[in-house]
Student: 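Right, I'll just put the structure down here and ask away after.
In what follows, chains carry the letters A, B, and so on, assigned in the order in which the sequence lines appear, proteins first and then strands, with residues in each chain numbered from 1. Here the structure is a predicted model, which is why all the values come from computation and not from measurement.
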Amino acid sequence: MSISKTYQPKEAEDKWYSYWLTHKFFRSVPDEREPYTIVIPPPNVTGVLHMGHMLNNTIQDVLIRRARMQGKNACWVPGTDHASIATEAKVVAMLKEQGISKKDLTREEFLKYAWEWKEKYGGIILDQLKKLGASCDWDRTRFTMEDDLSEAVIDTFIHLYKKGWIYRGVRMVNWDPQGKTAVSDEEVIRKEVNQKLYYIRYEIAGDQLPATSDENTDNSQLVTRNYLIIATTRPETIMADSAICINPNDPRYTHLKGRKAMIPLINREIPIIEDEYVEMEFGTGCLKVTPAHDLNDYQLGQKHHLEVIDILNDDGTLNEKAQILVGEDRFAARKKIAVLLEEAGSLEKVEDYKSQIGFSERTDAVIEPRLSMQWFCKMGEMAKPALGYVLDGEVKLIPDKFVNTYRHWMENVQDWCISRQLWWGQRIPAWYNEKGQWVVAKTEAEAKTEFEKAGIAYQSISQEEDVVDTWFSSWLWPISVFDGFKNPDGADINYYYPTNDLVTAPEILFFWVARMIMAGHEFRGKKPFTNVYLTGIVRDKLGRKMSKSLGNSPDPLGLIEKYGADGVRVGILLSSPAGNDLMFDESYCEQGRNFANKVWNAFRLVKGWSVDESLPFVNDKAVNWFSSRFSEALQEINDNFGQYRLSEALMATYKLVWDDFCAWYLEMVKPGYQQPIDQQTYKATVSFFEDILKLLHPFMPFLTEELWHDEIFGTRAEMDCCIVAKMPVFVEINPQVLQEVEAIKQVISGIRNIRNTKQISPKDALELNIRHNSVVDYPAYKEMICKLGNISEVSMVSEQVAGAAGFMVLTDEFYVPLNENIDVDAERERLQKELEYLHGFLKSVNAKLSNERFVQNAKPEIVENEQRKRADAEAKIKAIEENLNVLAG
RNA sequence: GGGAGCAUAGCUCAGCUGGUUCAGAGCAUCUGCCUUACAAGCAGAGGGUCACAGGUUCGAAUCCUGUUGCUCCCA
């Protein structure tokens, strides 16, 4: 292997990814091993890799690689979803560029273009995942609109319809006038927007009101005799008004009760109704009621049996029912009607106003509440068991704070509007006769039979034009990717289902995760997965969500290019506790790259060693220590993984490698320049290194695989790869050696600190005197201390040493005699300070111990601990006082 | 308006059922070092009334109440 001074990721990444692929290491087929399964949250076929995907898929890859190395049959199923609205929009845009309008195409022609588009661009995001190192079983790649999965969707629809859980009805839906389709509540993004509040005069119809002397003179502006004023953000909808509503308790408007008002410009008469729903404080206290174009107004309209006047077309332009401004877009109409009202003298004033507006997640168009005939799926029955799985802990949400949110949603769940007015998607299996009567059936032939069974006459029948919501495919994903519908007792579904972990974003907890649990229960009688790991949102370091429009999202492939896939993986994981948003900054990737380089260089060091078999084994202490330390860290890492604390597992690994292995262990055993090393140390070190590569592999697959195949580990068989190496297992740790080396490390730090403060070069050897009171066997570590501290001579003493720089570790005293005279005053001051601190410390400990209630109430081990603290502090005080005496002497 | 959550070092975060593994980690900062594995580095150091105010307790970052500020979800 060529050993460059720094790690060069590019070559290793391409080389090993294709090696893994050709040797089928990602492939999983059912066998006798324990399965470990993850289904990918299928990215949208129109998508390109963004930072959220990077985070999400890095986590999945870490989990799946670790499971694989634990000997499980690890299966990560990749795929994409067909994203009906987004894809259809893309295809429409592409056709437009070619001068083709969707209107001029038949459904079949359009779908042909759509499939072509999918074949061409739909795989991009999956290829990008490969760059990240994702070890998906690519042979299992699925797509939500492929034949088998589509059939499952249709069968599901029919199944639920037969159960009475799917119905058709008029509802106020979220209409996307750009996509020309209904979207679900979950696909509406609310944003605060600056708007205008228009104050509009409506004449009161009929006789002039009696001229009374006003009791409410302060309100006289509003309670003018022959008109009332409403405040609205949507003046273009006044033509759709059905009523004016006032609060019956509003003293300002008692005179309006039972009267009628005239809509300005079109002079249509509408009733003035009363309802406590109207907030007296808001606007003028008079509310225009527009049932066709506002959800609340719709409900109010139902209550008061008001007329529904729909003045909008499906593209958001005004229709003939508006009478004026017909054909204008709703926003253009808003501007124009303001002018018309002004001219007519009906516009009282205009104010700035902020409010929440819904936008389509897919097209970013302003959502229009609209009444239409849609298909709905009842949620009540399915929500109950789905809630149970989570409350019982059978499905775990990580972090568990999401359980509350989940419960709240499931207890207040609304029926699911599943129809979409699109072509790209699974067409709803409903059939109509020429009278608009309908049946649900899989095929035309079956539909005819259904009609006949129902005794409904038909001449010709036609299928419903709408398709189902994409999520109506995705909720089946954990079952359908294993062909659980086509082959309910198949080997795959029986082996892999329920899956183990699902990694996804909290934003889709309800409309995807919850519904998968519903589907899992309904169709398999089992949960779809055990753990749901909810990642945070990737934000920039200013805390803003990463978005295309802000341009604050780094290009993930550019990052991989710059820092290496391993560096980026480490970078993104370092700061991503589950469920917390992560403030991403490139510097994390830099840290990741630096870490990769550290491992690389540690390897260069070991690789450069030559072995001399005649040398004695002198590093037994170091080897024993690291062996124990490794096991100790392993335990911690396993524990972190067990709790899905991936960033902490990574940090523990990072510190084990960088601090314990590189900074301490390698320095302990490293021979002098161009000196050989003894055989035993070498073997132990190479073996440690191999264990470290295994531990690192899930986080840094490429670097570790690259090093794994170096000749220092001996010759490897073709299939002997780090990706399938067995994870190290815990071995007995030796607490004594761990404790002693901890003390030795402090001694060495003490020596280095003296060098630093006294400006002594690391090259100048020093002497060390130890006056020892603790149980640490310092003489046994003489070699180690000399090597790491550049100490020429260690001697044990029984008295304080005058004229030396000193420090304490535990209760032991260390003296470094210096040639130059030490600054007695400074030294005394330092000791005085420490003494002061210790006295204060002792005082607080004594206060506790002399408190009867403490001794009585506290647990015995805590009291013991306090007693030990007292003994330690007393010993230290004694030593420092002796030292001060020596200084004085 | 309803619900949930957060506030600890300059930044990002750990601190489980109150008690030296209680004030921690990584990064950043500062001071020395090009010490032949690594300057993408080495050695050392300095940073915090644990948002604020009360309370419970022998003892509170940790439990309770209130205040302030922020975030998210739902309407």
Side-chain angles (χ1 to χ4, degrees), chain A residues 3-7 185-186 190 279 295-296 356 399 401-409 411-412 414 506-507 509-510 536-537 539 541-543 545 563-564 567 571 574-577 579-585 587-609 639-640 643 645 647-648 650-652 654-655 658-659 662-663 666-667 670 672-674 742 748-763 788-790 841 844-845 847-859 861-863 865-866 868-869 872-873:
Chain A
I3 295 279
S4 72
K5 210 174 165 183
T6 54
Y7 171 55
D185 290 342
E186 290 80 7
R190 282 167 205 286
E279 280 180 48
L295 182 57
N296 295 315
Q356 296 273 320
K401 66 177 176 184
F402 286 106
V403 172
N404 280 338
T405 332
Y406 182 85
R407 174 172 45 205
H408 186 258
W409 192 77
E411 284 172 352
N412 297 284
Q414 305 269 319
E507 302 143 62
L509 181 59
F510 310 129
I537 296 166
R539 298 174 178 278
K541 65 174 176 182
L542 299 174
K545 207 167 166 172
Y563 300 104
L574 270 176
S575 66
S576 62
N580 279 2
D581 288 1
L582 78 112
M583 309 298 163
F584 182 79
D585 187 81
S587 64
Y588 288 115
C589 294
E590 198 181 332
Q591 191 181 349
R593 179 201 59 181
N594 293 354
F595 183 47
N597 197 48
K598 185 72 190 177
V599 176
W600 178 260
N601 273 292
F603 185 81
R604 284 178 67 213
L605 172 69
V606 176
K607 189 169 168 62
W609 288 344
D639 187 53
N640 283 326
Q643 297 178 63
R645 297 169 160 228
S647 60
E648 291 189 42
L650 172 57
M651 186 46 71
Y654 180 96
K655 286 196 276 193
W658 199 309
D659 299 343
C662 295
L666 288 179
E667 293 298 333
K670 171 169 137 182
Y673 182 53
Q674 288 190 333
E742 223 30 64
I748 289 156
S749 289
I751 296 164
R752 287 171 176 170
N753 196 0
I754 287 173
R755 284 187 194 279
N756 247 307
T757 49
K758 306 280 191 254
Q759 310 250 344
I760 303 165
S761 160
K763 285 175 189 157
L788 297 185
N790 192 15
F841 181 76
S844 79
V845 175
K848 277 190 201 177
L849 286 171
S850 57
N851 183 331
E852 266 178 49
R853 287 203 270 185
F854 170 74
V855 180
Q856 269 170 13
N857 297 334
K859 284 183 247 170
E861 60 264 33
I862 285 160
V863 178
N865 210 349
E866 293 299 316
R868 196 168 27 203
K869 274 155 69 178
D872 277 8

Student: Between B:rG5, B:rC38, B:rU35, which nucleotide has the shortest distance from any of its atoms to the side chain of A:N601?
Tutor: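 So the side chain of A:N601 is nearest to B:rC38.
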Student: Which label fits B:rG47, syn or anti, where anti is any glycosidic angle not within 90° of 0?
Tutor: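 Chi for B:rG47 falls in the syn range.
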Student: Which sits closer to the 5' end of RNA chain B, A:V845 or A:C662, going by the nucleotide each is nearest to?
Tutor: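 This one resolves to A:V845.
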Student: Could you tell me how the ring of A:F510 sits relative to the ring of A:W409: parallel (under 30°), tilted (30 to 60°) or perpendicular (over 60°)?
Tutor: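 Correct class here is parallel.
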Student: Taking the side chain of A:L605 as heavy atoms from C-beta outward, which of B:rG5, B:rC72, B:rA37 is closest to it?
Tutor: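 The listed nucleotide nearest to A:L605's side chain is B:rA37.
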Student: For the side chain of A:F854, counting heavy atoms from C-beta on, which of B:rA14, B:rA37, B:rG19 is nearest?
Tutor: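 Shortest atom-to-atom distance from the side chain points to B:rG19.
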Student: Taking the inter-plane angle between the rings of A:F595 and A:W658 on a 0 to 90° scale, is it parallel (under 30°), tilted (30 to 60°) or perpendicular (over 60°)?
Tutor: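 A:F595 vs A:W658 ring planes: parallel.
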Student: Considering residues at least two apart in sequence or located in another chain, which fulfil the side-chain hydrogen bond (donor to acceptor under 3.5 Å, both in side chains) criterion with A:D639?
Tutor: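 With sequence neighbours excluded, A:D639 shows a side-chain hydrogen bond (donor to acceptor under 3.5 Å, both in side chains) to A:Q643, given in chain and number order.
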Student: Would you please name every residue forming a side-chain hydrogen bond (donor to acceptor under 3.5 Å, both in side chains) with A:T757, sequence neighbours left out?
Tutor: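 In terms of side-chain hydrogen bond (donor to acceptor under 3.5 Å, both in side chains), with neighbours along the sequence ignored, A:T757 is linked to no residue.
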Student: C1' atom, B:rU35 versus B:rG24: distance in rounded Å?
Tutor: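 Result for the C1' pair: 31 Å, nearest Å.
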Student: B:rG44 phosphate, OP1 or OP2: any side-chain N/O from A:S749 under 4.0 angstrom?
Tutor: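 Checking B:rG44 against A:S749, a side-chain N or O does come within under 4.0 Å of OP1 or OP2.
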Student: Is a donor-acceptor contact shorter than 3.5 angstrom present between the side chain of A:K598 and the base of B:rC38?
Tutor: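 In this structure, the two groups form a donor-acceptor pair.
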Student: Quick one: are A:K670 and A:E667 in side-chain contact, heavy atoms under 4.5 Å?
Tutor: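 Of all side-chain heavy-atom pairs linking A:E667 with A:K670, at least one is under 4.5 Å.
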Student: Anti or syn, where syn is a glycosidic angle within 90° of 0; which label fits B:rU36?
Tutor: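 Classified anti.
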Student: Expressed in whole Å, how much space separates the P atoms belonging to B:rG47 and B:rC30?
Tutor: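 These two P atoms come out 16 Å apart once rounded.
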Student: Give the nucleotide from the list B:rC73, B:rA39, B:rA45 with an atom nearest to the side chain of A:N753.
Tutor: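 Shortest atom-to-atom distance from the side chain points to B:rA45.
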Student: A:R752: what forms a side-chain hydrogen bond (donor to acceptor under 3.5 Å, both in side chains) with it, not counting sequence neighbours?
Tutor: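 For A:R752, no residue satisfies side-chain hydrogen bond (donor to acceptor under 3.5 Å, both in side chains) once neighbours in sequence are set aside.
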Student: Checking contacts here: which listed nucleotide (B:rC38, B:rA37, B:rG44) is nearest the side-chain heavy atoms of A:Y673?
Tutor: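 Between B:rC38, B:rA37, B:rG44, the one nearest the side chain of A:Y673 would be B:rA37.
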Student: Determine the stems involving RNA chain B; a stem requires 3 or more consecutive pairs of the Watson-Crick or G-U wobble kind, each with both distances below 3.5 Å, and the answer is none if no such run exists.
Tutor: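 So the stems come out as B:1-7 with B:68-74, B:10-13 with B:24-27, B:29-33 with B:41-45, B:51-55 with B:63-67.
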Student: Looking at A:E667 and B:rA37, is any side-chain donor or acceptor paired with a base atom of the opposite kind under 3.5 Å?
Tutor: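 Yes, a donor-acceptor pair under 3.5 Å.
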Student: Would you classify A:K670 as touching base, sugar-phosphate or nothing, given that sugar-phosphate means primed atoms plus P, OP1 and OP2, and contacts are heavy atoms under 4.0 Å?
Tutor: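 Here A:K670 touches the bases of the nucleic acid.
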Student: Want to settle it: does A:Y7 or A:K763 sit nearer the 5' end of RNA chain B, counting the closest nucleotide to each?
Tutor: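 It is A:K763, whose closest nucleotide lies nearer the 5' terminus.
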Student: Strictly under 4.0 angstrom, non-hydrogen atoms only: write out the protein contact profile of nucleotides 26-31 of chain B, one letter per nucleotide from the 5' end, B, S or -.
Tutor: SS----
Student: By side-chain hydrogen bond (donor to acceptor under 3.5 Å, both in side chains), which residues pair with A:N753, not counting sequence neighbours?
Tutor: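 Here no residue qualifies.
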Student: Nearest to the side chain of A:K401 - B:rC58, B:rG5, B:rG15?
Tutor: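 Taking heavy atoms from C-beta onward, the closest nucleotide is B:rG5.
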